[in-house]
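The structure under discussion appears below in the form of structure tokens.
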Amino acid sequence: MRLSRFHLATIKEVPADAEIASHKLMLRAGMLRKLAAGIYTWSPLGLRVLRKVEAVVREEMNRAGAIELLMPSVQPKELWDETGRWEKFGGQLLKIRDRKDAWYCYGPTHEEVITDFARTELKSYKQLPVNFYQIQTKFRDEIRPRFGVMRAREFLMKDAYSFHIDAASLDAEYRNMYDAYAPIFTRLGLAFRAVQADAGAIGGNASHEFQVLADSGEDAIAYSTESDYAANIEMAEALAPSAQRPAPSASLERVATPTQKTIDDVSAFLGVDPKQCIKTIVVRGREGLVALCVRGDHEVNEVKAAKLDELPGESALADEAAILAATGARPGSIGPVGLPESVPVIVDRSAAVLADFVCGGNQDGTHYRGANWDRDARVTRVADIRKIVEGDPSPDGRGTLKIARGIEVGHVFQLGQKYAEAMGASVLDDAGKAVVMQMGCYGIGVSRIVAAAIEQNNDAAGILWPEPMAPWKVAICPIAAHQNAAVREESERLHAELSAAGVDVLLDDRGLRPGPMFADMELIGIPHRVVISERGLAAGTFEYRKRSEPENRALSRAELLDALK
RNA sequence: CGGGGUGUAGCUCAGCCUGGUAGAGCGCUACUUUCGGGAGGUAGAAGUCGGAGGUUCGAAUCCUCUCACCCCGACCA
């Protein structure tokens, strides 16, 4: 490729609204252009990278036995009504209307469409198992898109869906996909970790996420110092403390805390460790309100809480008026002591072993000290409802937990029969009996991988692409070619030779001065650079530099070709 | 959804408080000198000041409405 015939549009200034390295660099390198919030044009340069990622994903999916197809991005409402997700999916679903006023959505995911496809295509157990995938544009109307293509509304995703006669077959394919994902991210040069995950809105049983490790990641993952345990912090179990609850030794006493509402304020005011306080959160339950109690230094894990039987499947804070009506106090003074019978009190495992604790007084401007479970406060149930913190014991009993940040680039789910059941997707088994199929689904955020790779691989000069996703492998940079025919000829010859050898090579024939030319090649992250100059020609060597290394090397022609092929 | 902020040339921004002929840097075009780490000179093109309405002799500037975008929050008990 001759750069003079390509469209490269790098910029020196950092665009104002980019926050993180990958977003800044993608804009500076001219890979992206924003059209609207969370909606981007991929420039020719950006697209080259995106296509390379796509190619690796496609190759590994094919290798793992999945079959590619392509589904429509616009989907009729009727299909989504069948699973109830037209309503349940919420605001992320972009709903649109056609000229006849019929409703459609722009697909945020394709369980409905693939299940519809499967129920008409698949009739016999002999056609199973089968795994269909596509690489396609999705749209999710995110509350707050940010960081460029890291969290965009429109994005490119690889989504695969497998169909099975039974759970054992699903399990095997789940394992197969899990095993196929590691080589994808490894080939793309990413440092990643597979973690146990919550199934979220997609639903289902087993679920793992593949997280690229990066400080700018939006997810938190917990991992053990001693074992290979790793889980999204939403899922990581906080074990029950081994200690038994001490017997009460203090008597219950109401104290005035006129302006102290937060745990920090109350504990400082009363001279008590936050670990001796109970934090009470009031959420909307299935019927009425539910009180969630955790230790003062802990936080409620909303994902865990949402799974409680007492909650309607989501964790939403109660509004102040409802809290006041039910407890007699406002947030800041709520506690488990003396709550009405109608409010279940769910107590976290760590909170349940406290004695003589401080908690809200259910009367504005007061707290209790010396409170005790059972004696003073009713316990409906003890459950794991808090977020783990660093230093908690690992749930597998080996080591303690640490927390790292991650970018979710892949997610595998066992859906079970959730969609097949709702949409009536069944096949005949070997006894001629209709059996509802088991399903799995497996996603990879293709466009997000591009951003994640940059987060992990950049320096002051720009991007350092892992070779498999670099827009070109080699850049040829002629110095002062306009005044030196030999430089021109040698550059052309090397370009032709490498191209013929199948090397993805870029000849920078724009005629720029060396400074801007080098700056551009470094910014866009070409892994290998060869400088052709009068100096080098005179010495009979090529000046070669690896993007990841600080020094040039003088190579003979043979050495150079060897290094680049 | 709540709070805060910003919309002026392709990009980054100044000008607005205190109303009076639209600015800078980068980029772009032409010519020229220069040619191993984002060069210099000369000349030039380029903006319905997000949109609508209002106040005023006069609005980028003041007022009202509206749209878009950005940031923070949405675990506070």
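Chain identifiers are assigned alphabetically (A, B, ...) following the order of the sequence lines, protein sequences preceding nucleic acid strands; residue numbering begins at 1 within each chain. Source: prediction; values computed, not measured. Note: hydrogens, waters and symmetry copies are ignored here, and every other heavy atom, side chains too, is used.
Across B:rC11 and B:rG27, the matching P atoms stand 15 Å from one another, rounded to whole Å. Taking atom C1' in both B:rC62 and B:rA74, the straight-line distance is 35 Å, to the nearest Å. Rounded to whole Å, the C1' atom of B:rU18 lies 10 Å from the corresponding atom of B:rU61. Nucleotides B:rG7 and B:rU29 have their P atoms positioned 29 Å apart, rounded to a whole Å. Spacing of C1' atoms, B:rU66 relative to B:rG47, comes out at 22 Å, to the nearest Å. When the P atom is used for both B:rG53 and B:rA14, the distance is 28 Å, rounded to whole Å. With P as the reference atom, B:rA22 and B:rA9 are 15 Å apart, rounded to whole Å. Annotation: B:rA46 and B:rA39 have their P atoms spaced 27 Å apart (nearest Å).
Side-chain atoms of A:E408 never come within 3.5 Å of backbone atoms of A:Q211 as a donor-acceptor pair (strictly under, hydrogens ignored). Between the side chain of A:N362 and the backbone N or O of A:G335 there is at least one donor-acceptor pair closer than 3.5 Å. Between the side chain of A:S333 and the main chain of A:G365, a donor-acceptor pair closer than 3.5 Å is present.
The local environment of CD in A:E287 is sparse, with at most 12 non-hydrogen atoms from other residues, nucleotides or ligands closer than 6.0 Å. Annotation for A:R245: atom CZ counts as buried by contact number, over 12 foreign heavy atoms lying within 6.0 Å. Counted within 6.0 Å of NZ on A:K473, heavy atoms from surrounding residues, nucleotides or ligands total more than 12; the atom is thus considered enclosed. Within a 6.0 Å sphere centred on CD of A:E559, other residues, nucleotides and ligands contribute more than 12 heavy atoms. Other residues, nucleotides and ligands contribute at most 12 non-hydrogen atoms within 6.0 Å of the CD1 atom of A:I143.
Ring pair A:H528/A:Y544 is parallel by interplanar angle, where below 30° counts as parallel and above 60° as perpendicular.
Applying the side-chain hydrogen bond (donor to acceptor under 3.5 Å, both in side chains) test to residues at least two apart or on different chains, the pairs with a partner in residues 503-526 of chain A are A:S4-A:D509, A:T10-A:D520, A:R48-A:D504, A:K52-A:D504, A:D508-A:R510, A:R510-A:D520, A:E522-A:R529.
B:rC13 is paired with B:rG23 under the Watson-Crick or G-U wobble criterion, all donor-acceptor distances under 3.5 Å. Searching all strands for a Watson-Crick or G-U wobble partner of B:rC62 with both distances below 3.5 Å returns B:rG54. B:rU18 is unpaired under the Watson-Crick or G-U wobble criterion, no partner having all donor-acceptor distances under 3.5 Å. Of all nucleotides present, only B:rG44 satisfies the Watson-Crick or G-U wobble test against B:rC28, with each distance under 3.5 Å. B:rG7: Watson-Crick or G-U partner is B:rC67, with both key distances under 3.5 Å. Applying the Watson-Crick and G-U wobble criteria (two distances, each under 3.5 Å), B:rG2 pairs with B:rC72.
No engagement by A:V266 is indicated, since no non-hydrogen atom pair under 4.0 Å with the nucleic acid exists. Nucleic acid contact for A:R545: base, since at least one base atom lies under 4.0 Å from a heavy atom of the residue. Base engagement by A:T280 is indicated by at least one non-hydrogen atom pair under 4.0 Å involving a base atom. Among the heavy atoms of the strands lying under 4.0 Å from A:E543 is at least one base atom, whether or not backbone atoms are also near. Using a 4.0 Å heavy-atom criterion, one finds that A:R33 contacts no nucleic acid atom at all.
For A:I263, whose side chain is taken as the heavy atoms from C-beta onward, the closest listed nucleotide among B:rA77, B:rG38, B:rG36 is B:rA77. The nucleotide whose nearest atom lies closest to any side-chain atom of A:R146 is, among B:rG36, B:rG27, B:rC71, B:rC71. Here the side chain of A:A519 is nearest to one of B:rG36, B:rG38, B:rA77, namely B:rG38. For A:R529, whose side chain is taken as the heavy atoms from C-beta onward, the closest listed nucleotide among B:rC26, B:rG37, B:rG36 is B:rG37. Checked against B:rC1, B:rC69, B:rG36, the side chain of A:I143 finds its nearest nucleotide in B:rC1.
Distance CD (A:E19) to C1' (B:rU6): 14 Å, rounded to an integer number of Å. Atom CD of A:E299 is separated from atom P of B:rA77 by 8 Å (rounded to the nearest Å). Spacing between atom CD of A:E142 and atom P of B:rC1 amounts to 16 Å, rounded to whole angstrom units. Rounded to whole Å, the distance from NE2 on A:H298 to C1' on B:rA77 is 17 Å. The interatomic distance linking A:R295 (CZ) with B:rA77 (C1') rounds to 18 Å, in whole Å. Between the NE2 atom of A:H23 and the C1' atom of B:rC69 there is a distance of 12 Å, given to the nearest Å. Rounding to whole angstrom units, CZ of residue A:F518 and P of B:rA39 are separated by 13 Å. Remark: P of B:rG36 and CG of A:N484 are 12 Å apart, rounded to the nearest angstrom.
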Please tabulate the protein-to-nucleotide N/O contacts below 3.5 Å involving nucleotides 28-35 of chain B, giving atom names and distances.
unit_1, atom_1, unit_2, atom_2, d
B:rU34, O2, A:R513, NH1, 2.9
B:rC35, N3, A:H482, NE2, 3.1
B:rC35, N4, A:H482, NE2, 2.7

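RNA chain B lies under 4.0 Å from at least one heavy atom of each of the following residues of residues 328-349 of chain A: A:P331, A:G332, A:S333, A:I334.
Partner A:E237 forms a salt bridge (Lys or Arg N to Asp or Glu O under 4.0 Å) with one of A:R349, A:K387, A:K304 and no other, that one being A:R349.
Under 3.5 Å, the side chain of A:E534 and the base of B:rG36 form no donor-acceptor pair of N or O atoms.
For the pair A:K34 and A:S533, both in contact range of RNA chain B, the more 5′-proximal nearest nucleotide belongs to A:S533. Projected onto RNA chain B by closest heavy-atom contact, A:A37 and A:I281 fall at different nucleotides, the more 5' of which corresponds to A:A37.
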- Message: As a quick check of understanding, evaluate salt bridge (charged side-chain N to carboxylate O under 4.0 Å, His left out) for A:R405 and A:D215, giving each step before the final call.
- Response: CA-CA 5 Å; A:R405 308 294 301 180; A:D215 290 338; over 6 Å; no
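Of the inter-residue distances, the one linking A:R553 atom CZ with A:R545 atom CZ reads 11.5 Å to the nearest 0.5 angstrom.
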